[in-house]
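Data block below; observations after.
Quick note on labels: first sequence line is chain A, next is B, and so on, each numbered from 1.
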Number of protein chains: 2
Amino acid sequence: MTTVGRMAGVSQVTVSRALSDPDKVSPDTLRRIREAIEATGYVPNAVAGALASRRSRLITALVPSITNIVYSSLLHGFAEIMRQHGYQIMTSEIGFDPAREQETIIAHLSRRPDGILLTGIHHTPEARRMLIGSGIPVVEIWDISETPIDCCVGFSHAEVGRQVAEFAVGAGYAQAATVTAGDIRAQRRRDSFIDRYQALTGSKVTRIDYPAGTATLGQGRDALAALIDRQGFAAGVVFCSSDQFAHGILTEATTRGLDVPGRIAVIGFGDQVFAARTHPAMTTIRVDRDALGKEAANALLQRFRDDAVGPASIDVGFSLIRRESA
Amino acid sequence: MTTVGRMAGVSQVTVSRALSDPDKVSPDTLRRIREAIEATGYVPNAVAGALASRRSRLITALVPSITNIVYSSLLHGFAEIMRQHGYQIMTSEIGFDPAREQETIIAHLSRRPDGILLTGIHHTPEARRMLIGSGIPVVEIWDISETPIDCCVGFSHAEVGRQVAEFAVGAGYAQAATVTAGDIRAQRRRDSFIDRYQALTGSKVTRIDYPAGTATLGQGRDALAALIDRQGFAAGVVFCSSDQFAHGILTEATTRGLDVPGRIAVIGFGDQVFAARTHPAMTTIRVDRDALGKEAANALLQRFRDDAVGPASIDVGFSLIRRESA
DNA sequence: TTGAAAGCGCTAACAC
DNA sequence: GTGTTAGCGCTTTCAA
């Protein structure tokens, strides 16, 4: 900046002003500064800027996985809004390990971000304490809580399970099964599905549970095979924790020549882009992830404006999209 | 740090040393400093550290899209290695717009990252100039070049097209078609497939081209419908630019009761996790994206150690995985 | 409209 | 083993 200033015949501060608030600099000076920047190829140092201004224009995000479309599409919507407002996003994957989350939070806090995005509402007490202590605005997404750290935007996973159970019972399926990934929120949907289904029908729900990690079509196929071949699940509805699983069930059913939904009915979760075009088309739960991410970005931006705002919990809801598979 | 030092009865510098190089501090002092850190909940300020040391421990990455599994799995492998070495990753999506790439590069450069990851080898001359001028190590991935900015790790997309064409001709398919997304590298695979196929057989290849954006199963289905219903493609092999498209072709063929690969043969690209379990199992091109990402991370880490290294181009290759669909 | 001075919270170099 | 000093490249405040 000093060099640019010297070339333009002004001081370093004037260059700073020309960049951050051009209106405060005379048109002529501005022009000379711009020429000098052009000539030198000067690129401002945001690190120094952040240190001096205590604003980093950096948002950090913690998600379980970036290869899982659920989280990456959330981030996509979030980042798009943030980018439009001049913020950049630093993302870390934390899997489903609370210890790793806490460790990562410390690393993120050290970057002095202007805001932090967290996935889910369950964090270690220590992590929660540090976050609150930092004074940095935090938005928790993909779930809702009565007591967010700061604010949260998501929906009730328990409510999803309940509504799916009620739909399944209403549709009159004789038996029910679940195929669930090792994700705390997926488990919450499963548990409330089972509770509600059993309360309504009195009949037991067969469960297939997978360990943590991204759900795959192959696992869905294997699950249906296990259900039929080893668990005596002859016919009924299968509620999956993701569309991938559901797609696998569909694939396996097709391969075996089983009628869907006559023999095996399938309900997915996510309404991913392929769900409307599977054969047969998939019945699933839609959550507008892109909109959810954008909503989260706006919640944070709101907090940057007036910091007097109290805790807020935004429920974006979900909807059951009935297609052909159930 | 000053506060922590005061509590531990040492100066601020000693605290800095205790954090960055604990061996240089006496065990007793170290203990007192650790207690003081614990008591105050002190979190180091990496912004100030980066400014003073000129090392940010930040790597920035530019990818076309984070919701596309191809790029997110690349980043996953890359970030994992980088994290193990104490680096964090800031990612931006740039779509397929060179102007946006250039704009984003400036924003990234201003953060003074220790390294930059770029997708592809085609950048504006201006972007290239700025990158070189910055002196920051750059790794370009997912393609290879004789003249990388700094180093690159990828494979030859033209070679993929050629090999697929040779495979298709060898398998004796009567006609060939391509379904391609609006991605420069996908187009390169398509073009070299067509060139080679026509050179070998003299027969024309039918093309379906989609605009930029993530490829979907639905588009694959629509493509096969268009091929059969409107382009007079009665039988033959279809080379897709992604497994999503190929999965769609498979789905549409199944829906229409067409024999695969007898009537319609399908070749995908990517060997995504579902490819081995589709019905029928998909023939596709495998690129070990996780390994590629890791290789890219190692290339950058190598450059952090000795900066005397010259340009390097690492070809990680690919392989045609023959399953049932072709 | 512009500039001078101070300082953001650290690290690097050197002294003790 | 520990402390002192001098910045890193900006923004902020205040003065002109």
Side-chain angles (χ1 to χ4, degrees), chain A residues 1-34 36-37 40-58 86 88 106-114 134-136 304, chain B residues 1-34 36-37 40-58 86 88 106-114 134-136 304:
Chain A
M1 260 187 185
T2 311
T3 312
V4 169
R6 193 152 29 222
M7 281 185 66
V10 292
S11 75
Q12 173 266 123
V13 222
T14 307
V15 179
S16 171
R17 255 192 294 258
L19 258 22
S20 58
D21 200 352
D23 293 343
K24 290 194 166 177
V25 170
S26 81
D28 188 54
T29 324
L30 195 55
R31 186 188 45 71
R32 293 200 321 274
I33 290 175
R34 292 222 165 113
I37 287 175
T40 53
Y42 167 77
V43 176
N45 184 327
V47 178
L51 182 63
S53 68
R54 294 138 175 284
R55 290 182 52 248
S56 59
R57 298 220 150 254
L58 209 221
Q88 260 115 40
I106 297 174
H108 282 210
L109 247 22
S110 77
R111 301 268 174 192
R112 299 297 188 268
D114 290 343
S134 74
I136 297 171
F304 296 164
Chain B
M1 260 186 185
T2 310
T3 311
V4 170
R6 193 154 27 224
M7 281 185 66
V10 292
S11 76
Q12 173 266 123
V13 221
T14 307
V15 179
S16 171
R17 257 192 293 256
L19 257 22
S20 59
D21 200 351
D23 293 344
K24 289 194 168 175
V25 169
S26 81
D28 189 56
T29 319
L30 194 56
R31 186 187 47 70
R32 293 199 321 275
I33 290 174
R34 292 223 164 112
I37 288 175
T40 52
Y42 167 77
V43 176
N45 184 327
V47 178
L51 181 63
S53 68
R54 293 136 175 287
R55 291 180 54 246
S56 59
R57 298 222 150 254
L58 209 222
Q88 260 116 40
I106 297 174
H108 283 210
L109 247 21
S110 77
R111 301 266 174 194
R112 299 298 189 266
D114 291 343
S134 74
I136 296 171
F304 296 164

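C:dT2 atom P lies 9 Å from atom CG of A:Asp28, rounded to whole Å. To the nearest angstrom, C1' of D:dT13 lies 15 Å from CG of A:Asp21. Atom CZ in B:Arg32 sits about 8 Å away from atom P in D:dT2, given to the nearest Å. Distance, B:Lys24 NZ to C:dA12 C1': 10 Å, rounded to whole Å. Separating the CG atom of A:Asn45 from the C1' atom of D:dG7 is a distance of 14 Å, rounded to the nearest angstrom. Remark: C1' of D:dC8 and CZ of B:Arg57 are 18 Å apart, rounded to the nearest angstrom. Nucleotide D:dG9 holds its P atom 17 Å from the CZ atom of B:Arg111, rounded to whole Å. Whole-Å rounding puts the B:Asp114 CG to D:dC8 P distance at 19 Å.
With D:dT2, C:dT1, D:dG7 as the choices, the nucleotide that has an atom nearest any side-chain atom of B:Ala52 turns out to be D:dG7. Nearest to the side chain of B:Met1, among D:dT2, C:dT11, C:dG9, sits C:dT11. If you check D:dG3, D:dT11, C:dT1 against the side chain of B:Val10, the one that comes closest is D:dG3. Side-chain atoms of A:Ala48 lie closest to D:dC10 of the nucleotides D:dC10, D:dG1, C:dT1. Of the listed nucleotides (D:dC10, D:dT11, D:dG1), D:dT11 has the atom at the smallest distance from the side chain of A:Ser53. Of all nucleotides listed (D:dG3, D:dC10, C:dC10), C:dC10 comes nearest to the side chain of B:Tyr42.
Of the side-chain N and O atoms in B:Thr14, none sit less than 4.0 angstrom from OP1 or OP2 of D:dT2.
Side-chain contact check for B:Val47 versus B:Leu51: every heavy-atom pair is 4.5 Å or farther apart. Side-chain contact between A:Pro27 and A:Leu30 is absent, with no heavy-atom pair separated by less than 4.5 Å.
If A:Arg55 and B:Leu51 are placed on DNA chain D by their nearest nucleotide, the residue sitting closer to the 5' end is B:Leu51. Residue A:Thr29 is the one, among A:Thr29 and A:Gln12, whose nearest nucleotide of DNA chain C lies closer to the 5' end (criterion: closest heavy atom). Toward the 5' end of DNA chain D, the nearer of the two residues A:Thr2 and A:Arg17, judged by each one's closest nucleotide, is A:Thr2.
For C:dG9, its base never sits under 3.5 Å from the side chain of A:Arg112 at any donor and acceptor pair. Judged by atom type and distance alone, A:Arg54 does not reach the base of C:dG9 through any side-chain donor-acceptor pair under 3.5 Å.
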